[in-house]
Amino acid sequence: MLARKIVTARGLRQMVKATRQDELGVPPITRALELTNYGQWGKFRMSYDRICPKVVKPNEILVRNLASSLNRHDYEMRDGYLIAFIDSCRLHSDEPNEGHELPLVLGRDFAGVVMDVGPDVKLFQPGDEVFGSRSNLKQGCLSDFIVVDETEARRKPQSLSFIDAASMPYVAGAVFTAFHQPFFKRQFYKNLRGKRVLLHGAGGGVGTMALQLLKAGGAHVTTTSLTRSFPLLQGLGADDMLAFRAKEFVVDLESREKYDVIVDVPGHCDGFLMRCAKYGGAYVSFRQRLYEKYTEEDVDLLCGITKDVLLTKMRFRWKYGSTYYYYSQADPFRFYLDYLAEQIEEDTIVPVVQKVIGLEDVPETMKLIDKEDVQGKVVVDLLRTALDKQTVEEGDHCRPHKEEPVLADRASAR
């Protein structure tokens, strides 16, 4: 009898939730692009019957997602990079089963409209336009409806379209984490004025965001990239530009004055670039090499990471003097979203969007980008359908997009 009452109570709660979802205009199932197999040519499938997420925790919000974007981390997760480490972190999180196995939804960024909020949410209400990024331990944002933590979102600046807003949070988080180190006394933008910074691999999404944040902090920035990215980087404020595929690149770089900070976006050139750093300077890598060799057989995750960090610091201090070596990991936290929004409103930071694609175009686009370098970001317009395909849009690299042709005529979808 007691069991029957419990089941009945659960059934009533589910009915109440389902009724609330219907009242909010949220369908029981949603669309999502799922990765079903790891590898460079990883298999994707378009799922039209994925269970629509619901607000479960008191600090969560349900978002009708209108735009997302592709980051380098999505390509790495597609290839299985750090998958053992990430899965182990998921097992230690409060949501051990979410995203632990395939199928996996990629995409960290989101921009959309709040549909529902938990009882403890104070910052948002249904109808608010928000943007942000999700933790790497959770399912991604290449889906029409997502549930995010209140701390992972912020109100979207009115000057930005959903397309532009979706291009910025994750790369901004990666850059903020890189500069949120003891060397920079936690407030990097107040301690970089006048410092010489070498930004290697500046043409992509992380590079263009790092350049703008470094310039906002008053640094003198030398960038390396393909020559075709020079006009873009010059427009974003680069003080000096080097073509890293030129024959004289190494000689030219080593002949210059040493740099206070080396920012290595690809993360493959530490040995060479460290020689360009001043004694007591900093080297920042956006590739988490410490975790690449991590396996599920490691018993103590925390001790393993601590040991690797200590060994790495000892090795680089011994080999390169007192240069400090840092890794960057993009973890969503509200501080960087607040600062990012302030800089956007002051027109200090602008979105850099090269392509806008539909959700169905993601697999093919990822294959093409594997063969070429992208300037800025590739944004996924979740309102664009196969019947609505247009020629890939080329963004205005150095100014925000004031128009939103794909989204503007579908205000009712909000």
Side-chain angles (χ1 to χ4, degrees), residues 71 157 159-160 164-165 167-181 183-244 253 256-266 273 276-278 281-286 326 328 330 335-354 373-377 395-401:
N71 297 284
S159 60
L160 290 185
D164 289 333
S167 71
M168 308 179 78
Y170 187 82
V171 291
V175 175
F176 268 78
T177 306
F179 297 150
H180 204 257
Q181 305 283 358
F183 176 83
F184 302 102
K185 299 180 181 178
R186 301 186 67 82
Q187 293 181 318
F188 72 92
Y189 50 90
K190 295 182 180 179
N191 294 279
L192 286 175
R193 188 163 303 279
K195 285 186 169 58
R196 286 173 50 79
V197 180
L198 176 64
L199 177 58
H200 180 57
V206 172
T208 52
M209 177 59 69
L211 173 57
Q212 295 183 77
L213 290 174
L214 288 168
K215 293 304 299 180
H220 180 282
V221 184
T222 299
T223 62
T224 71
S225 67
L226 298 176
T227 54
R228 65 185 180 89
S229 297
F230 282 6
L232 165 62
L233 299 177
Q234 186 177 18
L236 294 175
D239 298 289
D240 195 7
M241 295 169 289
L242 299 174
F244 61 72
L253 190 56
R256 294 171 178 248
E257 182 183 347
K258 301 294 184 180
Y259 294 91
D260 298 289
V261 183
I262 307 291
V263 181
D264 185 5
V265 176
L273 292 176
C276 301
K278 289 182 179 179
Y283 171 89
V284 181
S285 172
F286 284 86
Y326 297 112
S328 172
F335 168 75
Y336 87 81
L337 285 174
D338 290 338
Y339 179 72
L340 174 62
E342 291 175 6
Q343 297 300 311
I344 292 171
E345 292 169 355
E346 295 175 4
D347 209 23
T348 305
I349 295 176
V350 296
V352 184
V353 179
Q354 182 185 18
D373 294 313
V374 175
Q375 299 180 69
K377 293 294 294 290
D396 180 353
H397 295 301
C398 299
R399 301 301 305 168
H401 300 112

Chi angles and distances behind the side chain to side chain contact (heavy atoms under 4.5 Å, CB included) call for Lys377, Val171: CA-CA 9 Å; Lys377 293 294 294 290; Val171 291; 4.0 Å; yes

All side-chain hydrogen bond (donor to acceptor under 3.5 Å, both in side chains) counterparts of Ser225, not counting sequence neighbours: none

Sub-4.5 Å side-chain heavy-atom contact between Leu198 and Leu273: yes

List the atom pairs, with distances to 0.1 Å, where a side-chain N or O of residues 211-219 and a protein N or O form a donor-acceptor pair under 3.5 Å, not counting sequence neighbours.
{"unit_1": "Gln212", "atom_1": "OE1", "unit_2": "Val350", "atom_2": "N", "d": "2.7"}
{"unit_1": "Gln212", "atom_1": "NE2", "unit_2": "Thr208", "atom_2": "O", "d": "3.3"}
{"unit_1": "Gln212", "atom_1": "NE2", "unit_2": "Val350", "atom_2": "O", "d": "3.1"}
{"unit_1": "Lys215", "atom_1": "NZ", "unit_2": "Ala219", "atom_2": "O", "d": "3.2"}
{"unit_1": "Lys215", "atom_1": "NZ", "unit_2": "Asp239", "atom_2": "OD1", "d": "3.2"}
{"unit_1": "Lys215", "atom_1": "NZ", "unit_2": "Asp239", "atom_2": "OD2", "d": "2.8"}

By side-chain hydrogen bond (donor to acceptor under 3.5 Å, both in side chains) - contacts of Thr227 (at least two apart): none

Heavy-atom check, side chain of Val352 versus side chain of Ser167, under 4.5 Å: no

Shortest non-hydrogen contact from Pro169 toward Leu340: CA-CD2, 4.3 Å

Expected output: side-chain Gln375 to main-chain Gly203 donor-acceptor under 3.5 Å: no

Phe244 and Leu253: CA distance, side-chain angles, deciding distance, side chain to side chain contact (heavy atoms under 4.5 Å, CB included) verdict: CA-CA 9 Å; Phe244 61 72; Leu253 190 56; over 6 Å; no

Smallest separation among heavy atoms of Asp164 and Met168, with atom names: O-CG, 3.5 Å

Minimum heavy-atom distance between Leu199 and Val221, given as atom pair plus value: CB-CG1, 4.0 Å

Note, Arg256 side chain near Leu242 side chain (heavy atom, < 4.5 Å): yes

Parallel, tilted or perpendicular: rings of Phe176 and Tyr336 (30°, 60°): tilted

Full working for side chain to side chain contact (heavy atoms under 4.5 Å, CB included) between Tyr170 and Val206: CA-CA 9 Å; Tyr170 187 82; Val206 172; over 6 Å; no

Heavy-atom check, side chain of Asp264 versus side chain of Tyr283, under 4.5 Å: yes

Short side-chain to backbone donor-acceptor contact, Thr224 and Gly201, under 3.5 Å: yes

Carboxylate-amine/guanidinium contact Arg196 Asp260, below 4.0 Å: no

Shortest non-hydrogen contact from Thr222 toward Tyr259: OG1-OH, 3.6 Å

From CD (Glu342) to CG (Leu337), nearest 0.5 Å: 11.5 Å

Heavy-atom pair with the smallest gap, counting every atom of Ala202 and Leu233: O-CD2, 3.4 Å

Spatial distance of atom CG (Asp338) from atom CD (Gln343) [nearest 0.5 Å]: 12.0 Å

Atom pair CD (Glu257) and SG (Cys276), whose distance is rounded to the nearest 0.5 Å: 12.0 Å

For Met241 against Phe230, the heavy-atom pair lying closest together: SD-O, 3.4 Å

Side chain to side chain contact (heavy atoms under 4.5 Å, CB included) assessment of Ile349 paired with Met209: CA-CA 8 Å; Ile349 295 176; Met209 177 59 69; 4.0 Å; yes

